[in-house]
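As the structure is a computational prediction, the values presented were derived from the model and not from experiment. All ligand and atom numbering here is 1-based and tracks the order in the structure.
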Amino acid sequence: MKIKLNVNQKEKVFEVEPNEYLLDVLRRTHYTSVRRGCDNTGCGVCTVLLDNKPVPSCSLLAVKADGHEIITVEGIQEEADKLGRHFGDEGADQCGFCNPSMALTVYSLKLENPKATDEEINQYLVGNLCRCTGYVAQHDAIKKYLGDQS
Ligand code: FES
Ligand code: FES
C-alpha cells in the first residue's frame with residue numbers, strides 16, 4: 001500500500017507493508033540517521049519527530065504516520081550543529097550513537113518549553129538512553145543550548 005509522508009519538508013510517497021514499522025521504512029529508504037537499538041520502545045535511538053513530537057519509530061506502524069510530518073536529524077541540521085557544539089564543549093560527545101535522537105528530542109523540547117527547568121529537561125529526555133555519558137555533561141550542554149535561544 002502507498003502512504004504519503006512529509007519528510008524534512010519534502011512530500012514523498014512510500015510503498016509499505018501494512019505491518020511495517022516506520023523505522024524500517026525510513027532505514028530502507030536511506031534515512032539511516034534514524035538508528036535501531038532495542039527495537040522495543042526502550043532506548044529512544046529510533047526517535048523521529050511526528051508533527052514536532054518525539055516518537056519511537058520502531059513501534060509506530062508506518063500506515064499510522066500517513067499524511068503526517070516526519071523530521072529526522074537531517075531536517076534540523078542547523079539546530080543539531082548548535083547542540084553538537086555544546087555537547088563538544090561539555091565533553092558530552094562520545095560514541096555519538098544516541099546523538100541524532102537526542103538532538104530531535106531536545107529540539108522538540110525547545111519548541112514546546114524553551115525555558116525548561118532541570119526537572120523538566122530530565123522528564124522530557126527520559127526515553128532517550130545513552131550508554132556512554134552518564135547524562136550530566138549532556139544535561140549541561142542542553143541547558144546551554146536552550147539558554148542560547150532565550
Ligand atoms: S530502537 Fe526504538 S526505542 Fe529502541
Ligand atoms: S554517546 Fe554513546 S550512546 Fe550516547
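Looking only at distances, a side-chain donor or acceptor of Y135 sits under 3.5 Å from a matching main-chain atom of C130.
Listed by number with element, the atoms of ligand 2 under 4.0 Å from a non-hydrogen atom of C132 are 1 (S), 2 (Fe), 3 (S). Within ligand 2, the atoms closer than 4.0 Å to a non-hydrogen atom of R131 are 3 (S), numbered from 1 in the order shown. Here is the list of ligand 2 atoms found below 4.0 Å of a heavy atom in G96: 1 (S), 2 (Fe). Proximity to C130 (heavy-atom distance under 4.0 Å) selects the following atoms of ligand 2: 1 (S), 3 (S), 4 (Fe).
Remark: R28 pairs with E20 by the side-chain hydrogen bond (donor to acceptor under 3.5 Å, both in side chains) rule, at least two apart or across chains. The side-chain hydrogen bond (donor to acceptor under 3.5 Å, both in side chains) check on T72 picks up N8, E74, with sequence neighbours excluded.
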- Test log, rule side chain to side chain contact (heavy atoms under 4.5 Å, CB included), inputs V7 and T29: CA-CA 11 Å; V7 184; T29 53; over 6 Å; no
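Between H86 and Y145, the angle of the ring planes goes over 60°, which puts this pair in the perpendicular group of the 30/60° scheme.
Q77 places a side-chain heavy atom less than 4.5 Å from the side chain of D81.
C95 and C132 make their closest contact through SG-SG, 3.6 Å (heavy atoms, listed as atom of the first residue, atom of the second, distance).
Of all protein N/O/S atoms, those under 2.8 Å from atom 4 (Fe) of ligand 1 are C38 SG, C43 SG, and waters are not counted.
Each side-chain hydrogen bond (donor to acceptor under 3.5 Å, both in side chains) pair with one or both residues in residues 56-67, not counting sequence neighbours, would appear here, but there are none.
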